Amino acid sequence: MLTYNYYGHACFMLDDGKDKVLVDPFLTGNPQATISERDVKATYILITHAHGDHIGDAPDIAIRNDATCIGIPEIMDFGGQIVKTIGMNLGGTVKTSFGFVRMVPALHSSGISGGVCCGFVIGIGGKVVYFAGDTALFGDMKLIGERDKIDYAILPIGGHYTMDPVDAAKAVEFLGASNVIPVHYNTWDIIKQNPDDFVKRVKGAKVHVVKPGQSLELA
Ligand code: NI
Ligand code: MN
């Protein structure tokens, strides 16, 4: 059984019953956060880029949980804090105790000099989950969907900094994903969206609108 736990904005945790894979752990200062950085659990932490609303509390949570952080090398030293890390880069795949993590492109700034923003394809609990990170729509999302049959795509829909519902619906088509979960919206007014607008636009996939603090079994 694989559970998606949504903590607000772009922070979520995938739990296969053994590993807890926390992604983009922005909790302190996140107006949607439903758990504190002191209480959240993780065995792995995946980080798409170094903007504060993604890297968030990663080093503190990693130290407290003895978790392994995975991200681009440029952000993996955390200013010298002692954290277990796996630095990887676009196109690479890392085998993990739960399955695998593949780092894929995203079209967005990195939040750190010399770095890039990325997305992740995560093999866990017999499912393939794609998290786009912060990104614009791009045609090579088709290639991501060709390599792996994506069971769940987790996509930003907030606009302004990322795709909006129009482009995110096109992304679903490019990816050929079976299920979609929208994130990165309504955290602040600048990324205010009605998720029903996204639901209406998506064709050929089931949309799961998960509210902060809610969980979803990924069947
Ligand atoms: Ni960003
Ligand atoms: Mn962001």
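As the structure is a prediction and not an experimental result, all values here were calculated from the model.
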Partners meeting ring pair (Phe, Tyr, Trp, His ring centres under 6.0 Å) with His208 (sequence neighbours left out): Tyr152

Nearest-0.5 Å distance, NZ of residue Lys142 to CD of residue Glu173: 8.0 Å

Partners meeting ring pair (Phe, Tyr, Trp, His ring centres under 6.0 Å) with Phe131 (sequence neighbours left out): Phe12

Close side-chain approach of Arg102 and Val104, heavy atoms under 4.5 Å: yes

Where Gln193 and Gly158 come nearest, the two heavy atoms and their spacing: NE2-O, 3.0 Å

same_hphob_cluster(Val40, Val210) at 4.5 Å side-chain heavy-atom cutoff: yes

Cluster link Val172 to Phe120, ILVMFWY, side chain under 4.5 Å: no

Contact summary for Lys41 and Asn65, nearest pair of heavy atoms: CA-OD1, 3.5 Å

Heavy-atom check, side chain of Val207 versus side chain of Val209, under 4.5 Å: yes

Closest heavy-atom pair and its distance - Leu27, Ile35: CD2-O, 3.7 Å

Any Asn30 side-chain heavy atom under 4.5 Å of Thr187 side chain: yes

Ser215-Asn5 side chain donor-acceptor pair, cut-off 3.5 Å: yes

Linked, directly or transitively: Ile154 and Phe26 (ILVMFWY side chains, under 4.5 Å): no

Where Ala10 and Asp24 come nearest, the two heavy atoms and their spacing: O-CB, 3.6 Å

Tyr161 side chain reached by Pro156 side chain, heavy atoms, under 4.5 Å: no

Side chain to side chain contact (heavy atoms under 4.5 Å, CB included) partner of Ile45, chosen from Ile70, Ile61, Asp57, Ile55: Ile61

Working for side-chain contact (heavy atoms from CB on, under 4.5 Å), residues Glu37 and Arg64: CA-CA 9 Å; Glu37 57 99 6; Arg64 188 169 291 116; 2.9 Å; yes

Lys149 NZ: over 12 foreign heavy atoms closer than 6.0 Å: yes

Phe98 side chain near Ile122 side chain, heavy-atom distance below 4.5 Å: yes

Trp188 side, atom CH2; Gln32 side, atom CD - distance, nearest 0.5 Å: 8.0 Å

Beyond-backbone contact of Tyr130 with Asp148, side-chain heavy atoms, under 4.5 angstrom: no

Any donor-acceptor pair under 3.5 Å from Asp151 side chain to Val128 backbone: yes

Donor-acceptor contact present, side-chain Thr135 to main-chain Leu107, <3.5 Å: yes

Minimal non-hydrogen separation, Pro25 against Cys11, with atom names: CA-SG, 3.7 Å

pair Leu14-Tyr4: side-chain heavy atoms closer than 4.5 Å: yes

Cationic N near anionic O, under 4.0 Å, Arg201 to Asp197: yes

Sub-4.5 Å side-chain heavy-atom contact between Asp134 and Thr48: no

Ile72: which of Met103, Met88, His49 passes side chain to side chain contact (heavy atoms under 4.5 Å, CB included): Met103

Closest heavy-atom pair and its distance - Asp167, Asp164: N-OD1, 3.0 Å

hydrophobic_cluster_shared for Tyr7 and Ile157, side chain cutoff 4.5 Å: no

Derivation of the side chain to side chain donor-acceptor pair (under 3.5 Å) call for Asp53 and His9: CA-CA 8 Å; Asp53 62 320; His9 194 54; 2.7 Å; yes

Verdict with reasoning, Arg38 to Asp60, per side-chain contact (heavy atoms from CB on, under 4.5 Å): CA-CA 8 Å; Arg38 287 176 189 286; Asp60 290 345; over 6 Å; no

Thr85: side-chain contact (heavy atoms from CB on, under 4.5 Å) partners, not counting sequence neighbours: Cys69, Met76, Phe78, Val83

Pair Ile63-Ile82, side-chain contact (heavy atoms from CB on, under 4.5 Å): steps then yes or no: CA-CA 7 Å; Ile63 291 166; Ile82 307 301; 5.8 Å; no

Hydrophobic cluster identity match, Phe138 and Leu155, side-chain contacts under 4.5 Å: yes

Spatial distance of atom CG (Leu46) from atom SG (Cys118) [nearest 0.5 Å]: 8.0 Å

